[in-house]
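One structure is given below, encoded as structure tokens.
In the text below, chain A, chain B and the rest are named by the order of the sequence lines, each starting its count at 1. Fair warning: this is a prediction, and the values are worked out from it, not measured in the lab.
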Amino acid sequence: MNLAALIQFWPAVVAGIVGASIPRQAKVRHRLGLACVAAFAVLTVMWLWPDADAAKEATDKAAGEWPYLLDLLVGLPIFGAVVILFLPRQMLSTLRAFTYGIFGVSFLASLWLLRVPMTEGWHFVHTKDWIPSAGIRWHVAVDGMSVWLVVLTTFTTPIAAFASFGSVKTRVKELCVSFLLMQGAMLGAFVALDMFQFYVFWELMLVPMFLMIGIWGGVEKIKASVKFFLFTMAGSVLMLAALLYLVWTHHELTGVWSWDYLDLVRVVLRGDSTLSFHPQMLGFLGLSLAFFIKVPMFPFHTWLPDAHVQAPTGGSVVLAAIMLKLGTYAYMRFSMQLFPGPAHSMAATLAGVAIMGGIIYGAFCAWKQGDIKRLVAYSSVAHLGFVMLGLFGATTGGMQGAILQMVNHGIATGALFMLVGVIYDRRHTRELSEFGGLAKVMPVYATLFIIVTMASIGVPGTNGFVGEFMIIAGTFVSEPLSQLAGLQAFGAALGVIFAAVYMLGAVQKMFFGPLTNPKNKHLSDISPREAVALSPFIVMIFVIGLFPSLFLDRMKPAVDMNRELFKESGGQALRFAKRADGSLLDESHFPPAFLAGSLVKDLAARAAADKAQAVETAPAPSPAPAPTPAPTPNVQRLPAPTAAPPTASASVAIPPAGASGSAAAAPPTASAAVPPGGPGKAPGQPPPPPVSPKAPPAEPKAPPAPPGGAP
Amino acid sequence: MSSFLVALAPLLVVGLGGLLLMLGEAFAHRERGGSGPSADLAIGSFVTLAAGAVVAFSLWLVGPENLGGAAGVAPFLIVDRFTLFFDIVLCVGGALAALLAGGYLPEHKLDRGEFYPLLIFSTLGAMVLASAGDLLSLFIGLETMSLGVYALVGFRRGSARSAEGAVKYFLLGSFAAALLLYGGAMLYGATGHTDLAGIGAALRGGTLTGADYGLAIVAMVLVLAGLAFKVSAVPFHMWTPDAYEGAPTPATSFMAVAVKSAAFATLLRVLVSAFGDPASMSWGTGWPPVVALLAVMTMTVANLVAGRQESVKRMLAYSSIAHAGYLLVAVVALMTQPGIAQGSILFYLLAYTVSTAGAFGALILCGSRGKEAVSYEDLAGIGHRHPVAAAAFALFLLSLTGVPPTAGFFAKLYVVRAAIGGGFLPLAILLLLNSVVAAYYYLRVLVYMYMREPAPGAPVAVPMRSGYVTAALLICAAGVMLLGLWPTRSLELAIDAALAAR
């Protein structure tokens, strides 16, 4: 049995032995760590390898997706953060061990997500009412697009924490809390399908990052942290306005309050209006601005270099590797589907901004930086320009490439920031001019740096190549970009060359040439601890570079579905947009797997169930009020049978969000009854008191009018 | 007769409690050098006001429409859910101020017993104001509330700032009261009514002659201006920073919380009952453009000025002005979404009460006699020296900023929802952008508390220890988190409490 297992897993064992024997001198602990990383990487590849039997086995298991898995992923780090608040701050090793433990469990739990074949639609769905009167729920799910980002988060945060614990020695307790809270919030934002829940996590994410930059940052830390907070918050309040506008329109059309993404995708805002901008466009810009700031896209990128330069290494890694991805992910998931019309018609313009302002301008800025960390920060602007370009192009290949490139950028830039952190810990400077010829004193460090640089540039065989190639190829054939596609593909390709220019230029200045600066002569090479922290990144660079289909195949169904939907509703929404009233796209427009689990459906199902139960308990339907002997309060309080019909039907008529089942089931008729009042109405005419036929629950109960009489 | 008493029970409980405490304070024998009167009176006031809140809540459960006696006092005092909701908010605000005073006054050698009766009778005035359905009782309530507060502002007799604040507040407050009175007189002249419902009916009836209608419009402006003084809307806000800064901090907290809530209660009642006719509620011939202008100016000016303050207390004063501006946005939304807008205002006031009282309480806790927390610099590094006070302060500031999942976030969300639903998209966006500006100065406090160390030799605030203040902070923190995580029930209460728009 043991022998059989060993034979079956021989590549992992070999990789472990190779990993352990790589360093020339290191403690057993660190050799063991490297061996585990190498073996684990091979195991992952073996495990992800498409295999007929395994696929079948996995399909059988898919039926039993554990619904609380995502709750666990989101809740565990937050719970851990709260627990740490109550641990004494002197017990450093306990604090660290606890943090690692939580991260380890999260990572293993997130691997479970990969066991399920990512077919179309949502997986691991879990919903629970939170604020029913406002239509807000806890609604989490993953699909083939978000699952990789979830895994990236659980994969990167522990490494960042590990690196931080090496260099940060003050206020470790707060550091642990920040890391845990940040992971919980980021995972929550990646898996949220309720827009309100998404917003809450989106905002919650800011606080630990603000603390991380502000407490453990560099000289200008306070300016950088406040700038980061204010930029992001300015974007997110506009997002809130756009979401509220959508929610109101949805309420007007259906009579149901719902923040659920799957309900709001059906809403098409009304067309003509006194506003000079089309509301669709306004909503799109409001929503997307938040994401563009986070990404960051060209004119809003100024917070990023400051934040990165001032942040501690761990903070930079998390910021670059994960937090920026929330912007691109949210654009792909929310902006493109909630406002497909504007996203479609603006695509060519925005792609131009991404190329000129992101890829090319970012590259030029990076080229001229003297500070290596600032250089990496600007290279992030350029790389995320690629990701956005893939999304604007909206081809299957391009979007797959964009998702892969998100992961790639997380890995390559995370590794770069850690490498910069290594040299900063030794020299306390990051000026390129201070270095030169480092390869002579730090050969291992130089090797690792060059490998990561290759990945960042996109040399074939590394992960960066796959992503950028797919994006550029996708751009070339993109339909939304129409005539400009060729030109834009050319611009993007130019960006790759520029990336090589600035990255290789920096490498040349740092590592080669004569060793002139005497301070550099006695630098120690990379320590085993740092090597262990970096090794997962290095391994993943090659895993993705050599076996990209392991990742691409799993995201393909979801990406295909989203792209089809975007393409179709892009056209539909544009056509609908000319109508004076808002409208709901028909359900048949969406793949059934997509809309499953939306709040409106949920409410309709609940109402139907209630009705069925009511019919069951009282087979004789008597809707008229109870006959002659009026039921006394006592009787009414008795359980069902005696006073069944009135109470039961009343409970059907007042579901939590004030929606009657019929209104939910027949949206077209409901939309016809929308009163002409409400948003977008020209001021100046005396407004009639807006008593709509289906008055929302918010209408006040009339208190007894005070009898008016002159004294 | 008895049902009459039941309907007025919250007012009577608070009033009786205040009288008893006053008598008790006068006849209490206290040896020299012993503990000051705060020890008994703070608890007494807290219990009195909390009892007022509990009685109001039980009346709520009974339902004011089931109280036979409620009609007997109308239209002078109207007992409806709106009144009861405000009774609860005001009593909570007063009770928190009493607890804060219990810690603050002895610490700062201000421990004189008259603080508490003044506080209670001011709260009583505020409750009368919130329930007034007639211009006469409205004025009586306003003056009862204001006179007490004038004295509270000048409570630090030895301090020039306190005297300045009190005089400024008194002069401007009297002027505002005069404007209100003048407007009321004009309304009576135009319509022949002093009760709000009667005024509303006369305006709605369309029987007024041209001259009378003009008079009513002028009166509307005067009444609005008088009330704008009380809610301290820009440009009627000049007294606020001075009075807030000069007053002892518990009194500041009371003013920021209870006085403002009562002023909004009466503003809502006047606008909905008296000026709720279609013409007055229209964009062309009514109050909405005036209120919208006030809202925009209040939010923007207050936030910009608050960012430039060096004193934390003054910053909080300006921030309370800014919050009045956010609320005025919801008042504008009354035009098209009366139910939702009122619900959002009421919920906002509840959330604002716990957040602001908590913020002032945390500010009290951060300083002690001679080492008060006045400027930002004083707070430097308090995150290490007194983590609990700093954490509490941070929580309340985050709530005022509107970071989820705190009460302040939901409050702002509901206000914006009302504004967007009412079709006032530009106002909503201005509000949101303003809250980003506000985030700057709230964050600044966090930055000083957690990310700066005090300059060597510079004076720093030394935190005080007080069970009263801690208790008040615990209550506030519980409120902030409860309203933030489970806002459903309280929002439903707030919406139930909304006045019917006719």
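Both the backbone and the side chain of B:A439 come within less than 4.5 Å of a heavy atom in chain A. The part of B:R452 that comes within reach of chain A is its side chain, from C-beta onward, which places non-hydrogen atoms under 4.5 angstrom from that chain. With a 4.5 angstrom heavy-atom cutoff, A:W216 does not touch chain B via any of its atoms. Neither the backbone nor the side chain of B:F82 comes within contact range of chain A; no heavy atoms are under 4.5 Å apart. Only the side chain of A:V207 comes within contact range of chain B, with heavy atoms under 4.5 Å apart. In this structure, chain A has heavy atoms under 4.5 Å from both the backbone and the side chain of B:L413. Proximity to chain B (any heavy atom under 4.5 Å) is shown, for A:I215, by both the backbone and the side chain. Looking at A:F201, neither its backbone nor its side chain comes within 4.5 Å of chain B, counting heavy atoms on both sides. Contact annotation for B:S435: both backbone and side-chain heavy atoms come within less than 4.5 Å of a heavy atom of chain A. Using a 4.5 Å cut-off between heavy atoms, A:L206 makes no contact with chain B at all. Looking at B:T285, there are no atoms closer than 4.5 Å to chain A (heavy atoms on both sides), in backbone or side chain.
Between A:W259 and A:F196, the two ring planes are perpendicular [angle over 60°; tilted spans 30° to 60°].
For A:L87, the side chain to side chain contact (heavy atoms under 4.5 Å, CB included) criterion is met by A:I84, A:L95, not counting sequence neighbours. By the side chain to side chain contact (heavy atoms under 4.5 Å, CB included) test, B:P487 pairs with A:I131, B:F347, B:F410, B:Y414, sequence neighbours left out.
A salt bridge does not link A:D194 to A:R137: none of the charged side-chain nitrogens sits closer than 4.0 Å to a carboxylate oxygen.
Across B:F409, B:W486, B:Y450, the residue that shares the most heavy-atom pairs under 4.5 angstrom with chain A is B:F409. The candidate from A:Y199, A:W130, A:F210 with the greatest count of non-hydrogen atom pairs under 4.5 Å with chain B is A:F210. Annotation: maximal heavy-atom pairing with chain B below 4.5 Å, among A:S236, A:A241, A:S225, occurs at A:A241.
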A:L338 vs A:L246, side-chain contact (heavy atoms from CB on, under 4.5 Å): CA-CA, chis, key distance, verdict:
CA-CA 9 Å; A:L338 291 177; A:L246 269 182; 4.0 Å; yes

side-chain contact (heavy atoms from CB on, under 4.5 Å) between A:V267 and A:W248, worked out:
CA-CA 10 Å; A:V267 174; A:W248 259 102; over 6 Å; no

Is there a side-chain contact (heavy atoms from CB on, under 4.5 Å) between A:R89 and A:E174 once you walk through the steps?
CA-CA 9 Å; A:R89 60 177 60 245; A:E174 283 89 345; 3.3 Å; yes

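For the pair A:K294 and A:W303, the cation does not sit on the ring face, since its NZ or CZ is not both under 6.0 Å from the ring centre and inside 45° of the axis.
B:R269 and B:A132 make their closest contact through CD-O, 3.1 Å (heavy atoms, listed as atom of the first residue, atom of the second, distance).
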